[in-house]
Amino acid sequence: MIRSLFWLPAGAAIVLFGCGHAPEQYVLPDQVTDFSDLYGANCAGCHGREGRNGAARPLNDQLYLTLIGRERLREVIAKGVPNTTMPPFAQQAGGTLTEHQITVLVDEIQKRWAQEFSDVTLPPYTAKLGDVKQGEVAFRQYCASCHGEDGTGISGRRGGSAVDPAYLALVSDQSLRTTVIAGRSDQGIPNWRSYVPGEAMKPQEISDVVAWLVAHRKFPGDRTKGETAVP
């Protein structure tokens with residue numbers, strides 16, 4: 001079968017004509033604007049088909065989306081997160097998505113899965129690392145029931161180790177902070193308000209726990225200093 005290839009003037013599609021067949025139209029990658037197609041090709045592999053139950057943090061999480069906010073979510077999608085498995089997707093940062101495609105992703109994620117928590121004062125999304133010694137105290141108070149007093153896990157408990165060097169080498173300081181605050185709804189991991197019934201973690205305690213976790217990271221560089229990186 002002989003096919004002739006034509007580029008449309010607008011650059012929106014490639015049309016292939018085959019003998020005895022209707023024209024086949026292929027949309028160019030940077031012209032895809034359907035959320036399901038964009039999300040399925042770029043996000044679902046890590047975050048799950050419906051925004052949940054993937055290896056990475058669920059995006060179908062009202063608390064997380066309220067915590068991170070629209071502009072920072074866009075920044076993370078566009079620029080990625082250095083020293084983690086989250087790559088940049090914006091063309092200007094070496095990715096494949098246009099600004100409009102990123103807007104489609106952000107708008108639809110917020111539209112489908114976000115909800116305002118008007119009756120809750122959220123801890124700050126970012127903050128400087130706290131005190132390591134105080135973090136150990138706070139960890140034992142809020143986290144030890146699942147992860148053990150030293151954070152290495154308790155046999156038979158689903159929490160597992162929170163200080164596994166392999167895990168800590170893969171996640172940023174901000175990712176740890178986000179997990180302490182928002183938990184993981186798709187895995188039944190509680191958020192900062194429910195580690196201890198009726199006693200929410202204070203913002204300083206969150207920063208202290210993150211500092212204690214970061215202190216266990218066996219990773220070269222200075223990622224244990226300064227403000228936590230975006231996510």
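When reading the values below, keep in mind they use all heavy atoms of this one structure, side chains included, and skip hydrogens, waters and symmetry mates. This one's a predicted model, so the numbers in the text were calculated from it and none came from an experiment.
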Whether R72 engages the ring of Y125 as a cation-pi pair (distance to the six-membered ring centre under 6.0 angstrom, angle to the ring normal within 45°) should be assessed.
no
In terms of side-chain heavy atoms, does E99 have a donor or acceptor partner in T103 at a distance below 3.5 Å?
no
Throw together a table of side-chain donor-acceptor distances under 3.5 angstrom for residues 190-197, partners on residues two or more places apart or in other chains.
unit_1: N191; atom_1: OD1; unit_2: R193; atom_2: N; d: 2.9
unit_1: S194; atom_1: OG; unit_2: N191; atom_2: N; d: 3.4
unit_1: S194; atom_1: OG; unit_2: N191; atom_2: O; d: 3.4
unit_1: Y195; atom_1: OH; unit_2: V180; atom_2: O; d: 2.8
unit_1: Y195; atom_1: OH; unit_2: P190; atom_2: O; d: 3.3

Sidechain N-carboxylate O distance under 4.0 Å for D173, R217
yes
By salt bridge (charged side-chain N to carboxylate O under 4.0 Å, His left out), which residues pair with R140, not counting sequence neighbours?
E136, E149
Residues 35-43 side chain polar contacts: donor-acceptor under 3.5 Å, at least two apart:
unit_1: Y39; atom_1: OH; unit_2: G48; atom_2: O; d: 2.7
unit_1: Y39; atom_1: OH; unit_2: G51; atom_2: N; d: 3.3
unit_1: N42; atom_1: ND2; unit_2: L38; atom_2: O; d: 2.9

With distance as the sole criterion, is a donor-acceptor pair present between the side chains of S185 and D61 under 3.5 Å?
yes
Indicate if V27 and L97 have the same hydrophobic cluster label, given that clusters are the connected sets of ILVMFWY residues with side-chain heavy-atom separations under 4.5 angstrom.
yes
I'd like to know if D107 pairs up with R70 as an ion pair, taking the criterion as any Lys NZ or Arg NE/NH1/NH2 lying under 4.0 Å from an Asp or Glu carboxylate oxygen.
yes
Please determine if K133 and D131 form a salt bridge, counting it only when a charged side-chain N lies under 4.0 Å from a carboxylate O.
no
Test item: side-chain donor near acceptor, S172 and R177, under 3.5 Å:
no
Note, I181 side chain near L122 side chain (heavy atom, < 4.5 Å)
no
Partner residues of E108 under the salt bridge (charged side-chain N to carboxylate O under 4.0 Å, His left out) criterion, sequence neighbours left out:
R112
Taken in chain and number order and not counting sequence neighbours, the residues that satisfy salt bridge (charged side-chain N to carboxylate O under 4.0 Å, His left out) with E199 are none
How would you list, by chain and number, every residue that makes a salt bridge (charged side-chain N to carboxylate O under 4.0 Å, His left out) with D150, sequence neighbours excluded?
none
Quick check: are there more than 12 heavy atoms from other residues, nucleotides or ligands sitting under 6.0 Å from CD of Q141?
yes
